[in-house]
Q: 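Sharing a structure below in C-alpha cells format, with a few things to ask.
Chain identifiers are assigned alphabetically (A, B, ...) following the order of the sequence lines, protein sequences preceding nucleic acid strands; residue numbering begins at 1 within each chain.
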Amino acid sequence: MTLPVRTRIAPSPTGAPHVGTAYMALFNLAFARKNEGKMILRIEDTDQCRSTHGSEVAILESLKWLGIEWDEGPDKIGDFGPYRQSERKEIHANHIQILREKGHAYPCFCTANRLKELRSEQMSKKETPRYDGHCLNLTEEEIEKRINDGESFVIRLKVPTEGECCFTDELRGEVKINWNQIDHQVLQKSDGYPTYHLANVVDDHLMNISHVIRGEEWISSTPKHVLLYEYFGWNTPIFAHLPLLRNPDKSKLSKRKNPTGINYYKEAGFLPEVLLNYLGMMGYTLPDQREIFSLEELTQSFDIKRMSLGGPTFDLEKLKWLNGRYLREQLTQDEVVRRMIDWKINSGFMKKIIPHALQRLESFSDFIPLTGFLFQDYPKLERTSLIGKFEASYASKLIKVFEWELEKIKSWNREEICNLFQNLAEKEDKKLKEILPLFFQVITGEHVSLPLFDSIEILGQDLVRIRLRKALDFLTAEGFGISKKGLKSLEKDYRLKYGDRID
RNA sequence: GUCCCGUUCGUCUAGCCAGGUCAGGACACCGGGUUUUCAUCCCGGCAACAGGGGUUCGAAUCCCCUACGGGACGCCA
C-alpha cells in the first residue's frame, strides 16, 4: 500500500497574489483530489523583510475567490501545523542543529562583501559562482569564540566535492546534476531564520508531503533538497516540475509585460471559474480535448503525465473568448445579472463613487457616462489628448517613471497617491497642474470626469497598472515609444533621482 | 559564462511512452452565410512537426549532434 497522497502549495507572502501561484495550486489540487489525497497550504514567510500579513490575507482570499480549497492551512488547522513557517522557527533551528551535529552543516562568517567579490571573480573566470568553502574547516573552538564575540554568521550546507546528484522527476525522468554545480547553500540566515531550502524540506517531510509539484524554476536547486533528505535520513517525496507560464516574448510571466495579479482578472470582470479553466488548459488537455471544464471535471480525469512541458504563453485573447462563452453558455441570464451585481454593480461600489460624482451630476442619466471608466478594463485613448502639451516622447517617459513609482506604494490610498504625484512633479521640475492632464487622460480616457487621485484609489493598483501599460503601448504604436537604449538611460536617471526600482 | 530543462500552425494544444490515418481541434486572422447595425451563431480558408544526421521497409514519434528559447546560479522564494 502506498502512502496517502499529500500535496502542497507554498506561497510566499511578499506581494500581490500571482496567477502563477493559482496555476500551481490548481494542479496540486487536481492531483491530490484525483488520488483521494489532501492539499496543504503553507505560508513560506521566512523572509522577514519582505513578508507581510496583508499579502498573506490577499493570497488566501484570491485563491478562495478562484475556488481553490485546501485541506490544511493557516486558517484550517490540521494535524501537521503550524502552517506558517515563521511559527516553526524552533523546529527549523532544531533540525539545523541536527545537521550541525552530524557534520552536514557548518557556520560561515564571511561578509557579504567577500562573497560578492568571490562571485564576480568566479564569473570572470567563467566558473559557476559558488561558495569556496572558506569557513568549512574552522575548529570548534574558533567557531565558539567568534560566535561569543558576537560575530554575525550563517549556517551552510556541506555539499559533496565530487560525483553527481541524480533524481527522478515524474515528468522529465532522470535528472543529473554534478555536485560541483551546487552551492554550499545557506540554511540559516544571520537573523536566525531558515532559508527556503531548509524550511521547505523539513516542513514537507514533517507534513508528510508525498508529491512536490512545483514550478520548473526549482529543478536546479532540487539537488540541495535531495541532499537534505539524505542527510536527515528521510525518503524523498516524488518531484514533478511543471512548466512556467510565459509572457508573449517567452520570458517567465511578469507583471511588467502581463497582468499577473489574480486581482486584476477579478477587477477586469472575469469569472473566477473561467480563469481557473483557462489556467487548466495551459500545459494540460483533458483526454477528450474539451475546452470548457470545471475544476471537478478536470480533477476526475486528471493525469499529471499528460502535462506538456513547453512553457505556455498566457494569451489574454483566448481568456476573453472563454469568458464570453461562459457568460453565454454556462450561466443563465439571472446568474449573469447576479454575478455582475456581485462584481461592481452594487451599492458598496456606488457609495465609493457618489461623493466624487455628485457635484457633476444633474440627472441620473449623467452617471454612467461620467463614471464609465471605473467599470472598464481600460479606456480607449486618443492621440491628441494624450500627447497634448508635452513632447510625446516625454509623455512616455513620464508614464514609465510613474509606473515604477507606483510599485513603491505601500498602502493604496489617496494620500499616498497624492504624495506620489507631488514628488513626481517636484523631481521633474514641473507644476502638478502641468503633469496631471496627461495622467487624467491615461486613467480615465476622458476630458471631463471624476477627480484623478480619487479615481486612481477607486480603480485599484491592478487596473491603474494596465492603463499605464496601455498608454505606453499606444504611444509606442504612434511612434513615440521609448527605445531600448532610451529605457536604459531613463532607468539610470530614475535611480539617481528617485532611488531604486521595486519589482 | 556555467549547469539544467524545453522545442508540433502567430497562440493554446492532440498525436510521441507502445514508429505506419492527407499531422486533428481551439483562439486569432481572412472569406462567406444568418442578423435593420454590431455582436452572437453557422460554414469555409490560411497556417506547424526547429535544423542536420542516424536506426527502420517506414520517424512528429526512438537515438545522437547543432541551433534557438527558457530557468537556475542570493543571508528571495
Q: Look at A:K64 together with A:D75 and state whether they make a salt bridge at an N to O cut-off of under 4.0 Å.
A: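 Looking at A:D75 together with A:K64, the answer is yes, because their closest N to O distance falls below 4.0 Å.
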Q: Measure from the side chain of A:R246, starting at C-beta and using heavy atoms only, and say which of B:rC5, B:rG70, B:rC3 lies closest.
A: B:rG70
Q: According to the Watson-Crick and G-U wobble definitions, with both distances under 3.5 Å, which nucleotide is paired to B:rC30?
A: B:rG44
Q: Relative to the ring of A:F239, is the ring of A:Y229 parallel (under 30°), tilted (30 to 60°) or perpendicular (over 60°)?
A: perpendicular
Q: Show the distances under 3.5 angstrom between N or O atoms of the protein and N or O atoms of nucleotides 9-13 of chain B.
A:
| unit_1 | atom_1 | unit_2 | atom_2 | d |
| --- | --- | --- | --- | --- |
| B:rC12 | OP1 | A:K250 | NZ | 3.3 |
| B:rC12 | OP1 | A:T313 | N | 2.9 |
| B:rC12 | OP1 | A:T313 | OG1 | 3.1 |
| B:rC12 | O2' | A:M281 | O | 2.9 |
| B:rU13 | OP1 | A:G283 | N | 2.3 |
| B:rU13 | O3' | A:T285 | OG1 | 2.9 |
| B:rU13 | O2' | A:T285 | OG1 | 3.0 |

Q: Select base, sugar-phosphate, or nothing to describe what A:K320 touches, counting heavy atoms under 4.0 Å on all strands.
A: nothing
Q: Which class fits the ring pair A:Y23 and A:F27: parallel under 30°, tilted 30 to 60°, perpendicular over 60°?
A: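 Judged by the thresholds at 30° and 60°, the geometry between A:Y23 and A:F27 is perpendicular.
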Q: Students often mix this up, so state it plainly: with edges at 30° and 60°, are the rings of A:F270 and A:Y264 parallel, tilted or perpendicular?
A: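 The arrangement is tilted - the two ring planes meet at 30° to 60°.
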Q: Please write out the pairs of protein N or O atoms and N or O atoms of nucleotides 38-46 of chain B separated by less than 3.5 Å, giving the distance to one decimal.
A:
| unit_1 | atom_1 | unit_2 | atom_2 | d |
| --- | --- | --- | --- | --- |
| B:rU40 | O3' | A:R328 | NH1 | 3.3 |

Q: If you count the non-hydrogen atoms of other residues, nucleotides and ligands that lie under 6.0 Å from CG in A:N178, is the total more than 12?
A: yes
Q: Give none if B:rU37 has no partner; otherwise give the nucleotide forming a Watson-Crick or G-U wobble pair with it, both distances under 3.5 Å.
A: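 Across any shown strand, B:rU37 pairs with none.
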Q: Below 3.5 Å is the cut-off: list the nitrogen or oxygen pairs between protein and nucleotides 74-76 of chain B, distance only.
A:
| unit_1 | atom_1 | unit_2 | atom_2 | d |
| --- | --- | --- | --- | --- |
| B:rG74 | OP2 | A:R119 | NE | 3.2 |
| B:rC75 | O2 | A:S190 | N | 2.8 |
| B:rC75 | O2 | A:S190 | OG | 2.8 |
| B:rC75 | N3 | A:S190 | OG | 3.2 |
| B:rC76 | OP2 | A:K189 | NZ | 2.9 |
| B:rC76 | O2' | A:D47 | OD2 | 3.0 |
| B:rC76 | O2' | A:R50 | NH2 | 3.0 |
| B:rC76 | O2 | A:R50 | NH2 | 3.3 |

Q: Using atom C1' in both nucleotides, what's the gap between B:rG20 and B:rA60 to the nearest angstrom?
A: 13 Å
Q: Please tabulate, for the side chains in residues 101-110 of chain A, all donor-acceptor contacts under 3.5 angstrom to protein atoms that are two or more places apart in sequence or on a different chain.
A:
| unit_1 | atom_1 | unit_2 | atom_2 | d |
| --- | --- | --- | --- | --- |
| A:E101 | OE2 | A:Q97 | NE2 | 3.3 |
| A:K102 | NZ | A:Y231 | O | 3.0 |
| A:Y106 | OH | A:H184 | ND1 | 2.6 |

Q: Within less than 4.0 Å of OP1 or OP2 of B:rG69, is there a side-chain N or O belonging to A:K252?
A: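 Negative; the distance criterion is not met.
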Q: I'd like to check the ring pair (Phe, Tyr, Trp, His ring centres under 6.0 Å) partners of A:Y284; sequence neighbours left out, ordered by chain and number.
A: A:F302
Q: Determine yes or no for a side-chain-to-main-chain donor-acceptor pair under 3.5 angstrom, with A:W343 supplying the side chain and A:E267 the backbone.
A: yes
Q: Expressed in whole Å, how much space separates the C1' atoms belonging to B:rC29 and B:rU35?
A: 22 Å
Q: Applying a 3.5 Å limit to both distances, which nucleotide forms a Watson-Crick or G-U wobble pair with B:rC3?
A: B:rG71
Q: Show me the donor-acceptor pairs within less than 3.5 Å that the side chains of residues 310-322 of chain A make with the rest of the protein, sequence neighbours left out.
A:
| unit_1 | atom_1 | unit_2 | atom_2 | d |
| --- | --- | --- | --- | --- |
| A:T313 | OG1 | A:K250 | NZ | 3.3 |
| A:D315 | OD1 | A:E317 | N | 3.2 |
| A:K318 | NZ | A:E291 | OE2 | 3.2 |

Q: So if I apply the salt bridge (Lys or Arg N to Asp or Glu O under 4.0 Å) rule between A:R465 and each of A:E407, A:E405, A:E403, which one comes out positive?
A: A:E407
Q: What's the closest nucleotide to the side chain of A:W218 if the choices are B:rC5, B:rC3, B:rA77?
A: B:rA77
Q: Quick one, A:R306 and A:T285 - any side-chain contact, counting heavy atoms below 4.5 Å?
A: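 The answer is yes; the side chains approach within 4.5 Å.
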